[in-house]
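Below is one structure; the comments refer to it alone.
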Amino acid sequence: MERSCLAIILAAGDSTRMKSSMSKVLHPIAGRPMIAHVMEAIAKTEISAAALVVGRNADEVSAAASIGGITVESYLQKERLGTGHAVLAAREAIARGYDDVIVAYGDVPLLTDVPLRAARQGLADGNDVVVIGFHTDHPNAYGRLLVKDGELIAIREAKDATDAELAIKWCNSGLMAINGRKALDLLDRIGNNNAKGEYYLTDLVEIARSLGGRAVAVDAPEVEMTGCNNRAELAFIERLWQERRRHELMLSGVTMIAPETVFLAYDTVIGQDALIEPNVVFGPGAVIEGGAVIHAFSHIEGAHVSAGATVGPFARLRPGADLAGGAKVGNFCEVKNGKIGEGAKVNHLTYIGDATIGAASNIGAGTITCNYDGVNKYQTHIGANAFVGSNSSLVAPIRIGDGAYIASGSVITDDVPADALAFGRARQEVKPERAKVIRERALAIKAAKKGGH
């Protein structure tokens, strides 16, 4: 759409019902502040300018909203005198002149660009006010949209509605689009002659009509208009977001055995023919290529899993983990900032941190890379086709060459050349009958103690 547009996002609420020490719109959905989800929808509508009306945690809210190449300017709302008053906090931005002005809220993270585009199209069609509504079987306290001959003639608050109006199931979401060339004039005409003495944005419908303008409503899915006021609603929105994203991924060719147990981050990428078993959690920054298998009870964040690789069960991939094709990270293993080469295996009870594992190498159970000395982190490099025996400790910085063999139970502190065998453990000694002597001595001490009492 070639029309210029300003988005005004109202995000100044005090979060009273949230009972939180931070702004409501900073609470995360799928690992991302809910206001960032709103801004993503706005960015997809080709809107490049946004006015953010903020209150508490103003700097943090502004930072969270700065995504998608949108120029965001913040305006502080010092008083809470209704939605119309909140929008006018961005008077300076509105006065610059835009074809369209969109008003949205920072606590509707399920919003997509589709209803925003429909609202803008309504303005392009010559309407002065376009209200985004939704149909629901439970309208309750929502304002009702009163439509006649295709025009929106009023928004009736539930407390003021007649029985016939209360039967209407098309409700006001609060989001709307306004003719940008008339926006300031219309907004300045909103009065506060009501019980609360507040300025209501919904009055714009009747104001525009009284001046000879036209108002209409466009419909949006109810789920997209779901707002958040408390922790219970936050959890409900998280559930809705997860259901929607899982559905999208499965339709794209991802197999989830028990999708309701898989939790995704806002940016999780999973390729076609990947298999996700039950009870898998993805944190931000996870990329799973097609054909990979993520076994049950694994946690993956900031990691890349290539095609044909397998993870888990009960594995943790932390930021910087990078598995090449055919690599395996098995049960009760953790990888952090580690590159696992093609076909390499890290199968059991192992920690790989700040390390590179070459192709086709095998890392035995209980192996750890000792990467931290309490102050600094160090790198471990293991070549291709190497074999590291079980219960080995590799003290970084260290290099183990291609084809090298590390004997089980070793503590390796020096580099190991290619194809070399390294031991780093005390020589075993056997003391005949010594175990019997130690046991008899211990029993005698125990008996003496018991007799003393």
Side-chain angles (χ1 to χ4, degrees), residues 1-12 35 38-54 62 65-66 68-77 82-106 108 111-133 145 151-155 172-191 199-220:
M1 192 174 292
E2 296 181 357
R3 298 165 61 88
S4 63
C5 184
L6 170 71
I8 301 175
I9 302 93
L10 305 186
I35 193 169
V38 176
M39 297 304 294
E40 181 179 38
I42 289 169
K44 289 180 178 178
T45 318
E46 287 97 44
I47 297 173
S48 59
L52 191 64
V53 179
V54 295
S62 297
S66 298
I70 300 176
T71 300
V72 178
E73 293 181 294
S74 296
Y75 298 89
L76 185 65
Q77 185 185 9
T83 49
H85 176 263
V87 171
L88 279 174
R91 177 185 293 273
E92 178 184 335
I94 301 170
R96 294 194 186 109
Y98 293 87
D99 295 315
D100 305 338
V101 172
I102 290 278
V103 178
Y105 295 83
V108 285
L111 178 68
T112 70
D113 62 307
V114 176
L116 299 178
R117 290 180 183 276
R120 292 192 64 193
Q121 185 59 53
L123 294 180
D125 292 340
N127 300 291
D128 287 332
V129 176
V130 183
V131 172
I132 298 176
L145 301 183
E151 289 192 42
L152 180 63
I153 59 176
I155 300 174
N172 175 37
S173 72
L175 283 72
M176 70 169 60
I178 311 167
N179 182 333
R181 307 303 172 184
K182 299 180 181 180
L184 276 182
D185 179 49
L186 294 173
L187 289 164
D188 281 332
R189 292 174 183 268
I190 297 176
Y199 300 85
Y200 296 132
L201 194 62
T202 51
D203 289 350
L204 285 185
V205 172
E206 291 176 86
I207 290 172
R209 286 175 55 81
S210 71
L211 297 173
R214 177 182 167 94
V216 296
V218 295
D219 200 28

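Here the structure is a predicted model, which is why all the values come from computation and not from measurement.
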Task: Chi angles and distances behind the side chain to side chain contact (heavy atoms under 4.5 Å, CB included) call for V87, V53 - done: CA-CA 7 Å; V87 171; V53 179; over 6 Å; no
- [ ] Could you grab the distance from atom CD1 of I155 to atom CG of L201, nearest 0.5 Å is fine?
- [x] 8.0 Å
Task: Smallest separation among heavy atoms of A50 and I70, with atom names - done: CB-CG2, 3.6 Å
Task: Closest approach of Q77 to G82 (non-hydrogen atoms, all atoms of both residues) - done: NE2-O, 4.2 Å
Open item on the list: Using 0.5 Å steps for rounding, measure from the CG atom of D100 to the CD atom of Q121.
Closed with: 9.5 Å
Open item on the list: When you compare the side chain of L204 with that of L187, does any pair of heavy atoms fall below 4.5 Å?
Closed with: yes
TODO: Among residues two or more places apart or on two chains, list those pairs meeting salt bridge (charged side-chain N to carboxylate O under 4.0 Å, His left out) that have a residue in residues 200-210.
DONE: E151-R209
Task: Distance (rounded to the nearest 0.5 Å) between I178 CD1 and D185 CG - done: 11.5 Å
Open item on the list: Strictly distance-based, threshold 3.5 Å: is any side-chain N or O of R189 a donor or acceptor partner for the main-chain N or O of A208?
Closed with: no
Task: Heavy-atom pair with the smallest gap, counting every atom of G180 and V101 - done: CA-CG2, 3.9 Å
TODO: Name all residues meeting the side chain to side chain donor-acceptor pair (under 3.5 Å) criterion together with S74; count only those two or more places apart in sequence or in a different chain, and write none if there are none.
DONE: S62
Open item on the list: Less than 4.5 Å apart, side chain to side chain, heavy atoms only: is that true for L175 and Y105?
Closed with: yes
Task: Euclidean distance, L111 CG relative to L116 CG, rounded to 0.5 Å - done: 4.5 Å
TODO: Tell me, please, which residues at least two apart from D188 pass side chain to side chain donor-acceptor pair (under 3.5 Å).
DONE: R91
- [ ] Please round to the nearest 0.5 Å and tell me the distance separating atom CD1 of I102 and atom CD1 of I132.
- [x] 6.0 Å
TODO: Would you please name every residue forming a salt bridge (charged side-chain N to carboxylate O under 4.0 Å, His left out) with R96, sequence neighbours left out?
DONE: E73, E92
Task: 4.5 Å side-chain heavy-atom contact, I190 and L88 - done: no
Task: Closest non-hydrogen atom pair between V218 and A118, with its separation - done: CG1-O, 4.1 Å
Task: Results of side chain to side chain contact (heavy atoms under 4.5 Å, CB included) for A51 - residues two or more places apart only - done: L6, I8, Y75, A90, A93
- [ ] Return the set of residues passing salt bridge (charged side-chain N to carboxylate O under 4.0 Å, His left out) with D219 (not counting sequence neighbours), or none when no residue passes.
- [x] none
Task: Atom of Y98, atom of C5 and distance for their closest heavy-atom approach - done: CD2-C, 3.6 Å
Open item on the list: Is any side-chain heavy atom of L52 closer than 4.5 Å to one of I35?
Closed with: yes
Open item on the list: Less than 4.5 Å apart, side chain to side chain, heavy atoms only: is that true for E40 and K44?
Closed with: yes
- [ ] Can you measure from CG (L123) to CE (M176) and round to the nearest 0.5 angstrom?
- [x] 11.0 Å
Open item on the list: I'd like to check the side chain to side chain donor-acceptor pair (under 3.5 Å) partners of T202; sequence neighbours left out, ordered by chain and number.
Closed with: none
Open item on the list: If we ignore hydrogens and angles and just use 3.5 Å, is the side chain of N127 paired with the main-chain N or O of V129 as donor and acceptor?
Closed with: no
Open item on the list: Suppose we screen for side chain to side chain donor-acceptor pair (under 3.5 Å). Which residues come up paired with K182, at least two apart in sequence or across chains?
Closed with: D128
Open item on the list: So V72 and I9, do their side chains get closer than 4.5 Å, heavy atoms only?
Closed with: no
Open item on the list: My understanding is that only one of R3, R120, R181 makes a salt bridge (Lys or Arg N to Asp or Glu O under 4.0 Å) with D99; could you say which?
Closed with: R181
Task: I47 backbone acceptor or donor facing T45 side chain under 3.5 Å - done: no
